[in-house]
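The structure displayed is predicted, hence computed values, not measured ones.
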Number of protein chains: 2
Amino acid sequence: MTVAQVDQFDRKIMALLQNDGRLTNNDLSDRVNLSPSQCSRRRQRLEEEGFIRGYRAVLDRDRLGFSLVNVISVTLATHNRDNAQRFADLLSRLPEVQEAHALTGEMDYILKVVTPDLKSLSEFVNGVLLPHESVQHVKTAIVLETLKETGSLPL
Amino acid sequence: MTVAQVDQFDRKIMALLQNDGRLTNNDLSDRVNLSPSQCSRRRQRLEEEGFIRGYRAVLDRDRLGFSLVNVISVTLATHNRDNAQRFADLLSRLPEVQEAHALTGEMDYILKVVTPDLKSLSEFVNGVLLPHESVQHVKTAIVLETLKETGSLPL
DNA sequence: ACTGAAACTTCTGACGT
DNA sequence: ACGTCAGAAGTTTCAGT
């Protein structure tokens, strides 16, 4: 029901599109040994069935003024469902939050947050996150260097 | 030299392409109030000058068999430049590592790793990461739920 | 299931404003 | 700097194998 419905051609197509989402069906056809029309049909199917969830342009953070990346650990005030929902609602309204994961272990959540500078980071943490009713405690770490950052799956 | 060379039209175009990297210049033209050829030219410029770094298809992790996401904290064995380089080289060869950031604070690095199941996670941690000469200690946390995951910048 | 050709859409460079 | 237009390129549907 999941992995069985994609064959080696589909995997190859997805692997290529992961690296360059603007490849044309002609491009795919060259590298996959299938006609352009077949690549088109397969791509459409993969999109419709949700294996390909969408296409995104990747922008340069630094050059667009978001030089600071931060990893923020969050502990919630109480651990009931309502409070978790309030926290989820808060996150969905905060565009500087790029990722938010609920974790096993000591910390409840880990966030990846981008800001232009330390001032706006401080405003975000002390002005938005900490004051929120759902949040008890946060711990902020600044990213010194990003060694790797890819959304690619190891197909 | 960084942010001054993009105007409001450029920002709008990038914001739209962040959400849908396959938008045609005609699509952009409708939403940006500029002719298609103008959108094409601006896009080319943004690509050439590196504001747009590329385009990626976003695949469905779960449906492709990578159901486990993990956040792994790593402490290096020694903190000299050579050892950091050995660690960086290791990471670049590991496709299951989607992100790797060097941090301020207690932990040296934080990794985001995707695996199909607990068995392959264990193989990765105990068979690849821990045995490596550059690594002293790792702490693995499993992602229970991902609330948000976007590469989009808050333009 | 796949290919190839035909109809349609999109892209892009030349030109005029 | 921008829009218009026309030739080139890419996409997709459909008939044929």
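Atom pair D7(B):CG and dA1(D):C1' shows a separation of 11 Å (rounding to whole Å applied). The distance from atom CD of Q38(B) to atom P of dT10(C) is 19 Å, rounded to the nearest whole Å. Between the CG atom of D27(A) and the C1' atom of dT10(C) there is a distance of 15 Å, given to the nearest Å. When the P atom of dT3(C) is taken as reference, atom CG of L28(A) falls 13 Å away, rounded to whole Å. Q8(B) places its CD atom 18 Å from the C1' atom of dC2(D), with the value rounded to the nearest Å. Following rounding to the nearest Å, D30(B) (CG) and dG3(D) (C1') show an atom-to-atom distance of 15 Å. Taking atom CG of L34(A) as the reference point, atom P of dA1(C) lies 12 Å away to the nearest angstrom. For the pair N26(B) CG and dT11(D) P, the interatomic distance rounds to 14 Å; values are reported in whole Å.
Using a 4.0 Å heavy-atom cutoff across all strands shown, S35(B) reaches at least one base atom of the nucleic acid. Residue R42(B) is in sugar-phosphate contact alone, with no base atom involved, counting any heavy-atom pair closer than 4.0 Å across all strands shown.
Salt bridge annotation for K148(A)-E99(B): absent, with no cationic side-chain nitrogen under 4.0 angstrom from a carboxylate oxygen.
N25(A) has no side-chain polar atom (N or O) that falls below the 4.0 Å cut-off from OP1 or OP2 of dG10(D). Checking the phosphate oxygens (OP1, OP2) of dT13(D), a side-chain nitrogen or oxygen of Q44(A) falls inside 4.0 Å.
The 12-atom threshold is not exceeded at CZ of R53(B), counting heavy atoms of other residues, nucleotides or ligands nearer than 6.0 Å.
Side-chain contact check for N25(A) versus R43(A): some heavy-atom pair is nearer than 4.5 Å. Two residues are said to be in side-chain contact when any heavy atoms from C-beta on lie closer than 4.5 Å; F66(B) and P154(A) meet this criterion.
Under 3.5 Å, the side chain of S37(B) and the base of dT4(D) form at least one donor-acceptor pair of N or O atoms. Contact annotation: side chain of R41(B) to base of dG3(D), donor-acceptor pair present below 3.5 Å.
Under the 6.0 Å cut-off for aromatic ring centres, F87(A) and Y109(A) qualify, their centroids lying closer than that.
Listed nucleotides: dC11(C), dT11(D), dT12(C). Nearest to the side chain of R22(B): dT11(D).
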